[in-house]
Amino acid sequence: TAMLRSIDEWWGTRYCLGGSSKRCIDCSAFTRTVLKDVYNVDLPRTAQEQYKSTERIGIEDLQEGDLVFFYTSGRRISHVGIYITNNKFVHAAASQGVSVSDLGDSYWKARYRGAGRIARPVEETTGTK
């Protein structure tokens, strides 16, 4: 899928706070860049702003491309990732750079604060198949 191809381009990129390039990237720049590439949507720059700009959905309703949010420090949304499938999400993590984690892992489960869906552009139909 387009999502997996885009993620593959970033795989292993190291994490750095404020980074937004293939040299190093932070979590919200990663989600912003991938979702722009895959769905042509513009997201705000920070995890907290991305949380505020998405429609809340339940964990049981997660679909590929939805965002998952966490409190990793303090009482504000401080981390974001992109849900892919089978309880997995991709993110730029301080410990591993761009990688895949499981929502059920004890670290992420304890810090999970919600999921959000972005408004995606409606594809035009041509009437032909």
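Residue indices begin at 1 and follow the sequence shown.
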Task: Nearest-0.5 Å distance that lies between atom OG in S99 and atom NE2 in H91 - done: 4.0 Å
- [ ] Please report the shortest heavy-atom distance between V98 and I25, naming the atom on each side.
- [x] CG2-CG2, 4.0 Å
- [ ] Answer yes or no: is there an ion pair linking D105 with R111, defined by an N-O contact shorter than 4.0 Å?
- [x] no
Open item on the list: Could you report the tightest heavy-atom contact between V41 and A119, atom names first, then the distance?
Closed with: CG1-O, 3.3 Å
Task: Interatomic distance, Y39 atom OH to I118 atom CD1 [nearest 0.5 angstrom] - done: 6.5 Å
Task: Cluster overlap I84 with I57, hydrophobic side-chain contacts below 4.5 Å - done: no
Please tabulate, for side-chain N and O atoms in residues 62-72, each donor-acceptor pair with protein atoms closer than 3.5 Å (sequence neighbours left out).
unit_1 : atom_1 : unit_2 : atom_2 : d
D66    : OD1    : R117   : NE     : 2.9
D66    : OD2    : Q63    : N      : 2.7
D66    : OD2    : R117   : NE     : 3.4
D66    : OD2    : R117   : NH2    : 2.8
T72    : OG1    : S78    : OG     : 2.8

Task: Inter-residue atom distance S73.OG - H79.NE2, 0.5 Å rounding - done: 11.0 Å
Task: Validation row: Y51, R56 side chains within 4.5 angstrom (heavy atoms) - done: yes
Task: Of all pairs that satisfy disulfide (SG to SG under 2.5 Å), the ones with a partner from residues 22-66, not counting sequence neighbours - done: C16-C24
Task: Nearest-0.5 Å distance that lies between atom OG1 in T33 and atom CD in E9 - done: 11.0 Å
Task: Distance, nearest 0.5 Å, that separates OG1 of T46 from CG of D26 - done: 9.5 Å
Open item on the list: Give me the atom names and distance for the closest heavy-atom approach of Q48 to R76.
Closed with: CG-NH2, 3.0 Å
TODO: Would you give the length of the straight line joining atom CG of L103 to atom CG of N86, rounded to the nearest 0.5 angstrom?
DONE: 11.0 Å
Open item on the list: Which heavy atom of E49 sits nearest to which heavy atom of P44, and what is that distance?
Closed with: CB-CB, 3.4 Å
Task: Among W108, Y83, F30, the one residue meeting ring pair (Phe, Tyr, Trp, His ring centres under 6.0 Å) with F89 - done: W108
Open item on the list: Please say yes or no: joined through hydrophobic side-chain contacts below 4.5 Å, possibly via intermediate residues, are I59 and V90 part of one cluster?
Closed with: no
Task: Joint hydrophobic cluster, V38 plus I82, side-chain heavy atoms closer than 4.5 Å - done: yes
Open item on the list: Between Q50 and V80 (side chain of the first, backbone of the second, donor and acceptor by atom type, cut-off under 3.5 Å), is there such a pair?
Closed with: no
- [ ] Would you name the heavy atoms of L35 and M3 that are closest together and state the gap between them?
- [x] CD2-CE, 3.9 Å
- [ ] Kindly check if the number of other-residue, nucleotide or ligand heavy atoms within 6.0 Å of NZ (K109) is above 12?
- [x] no
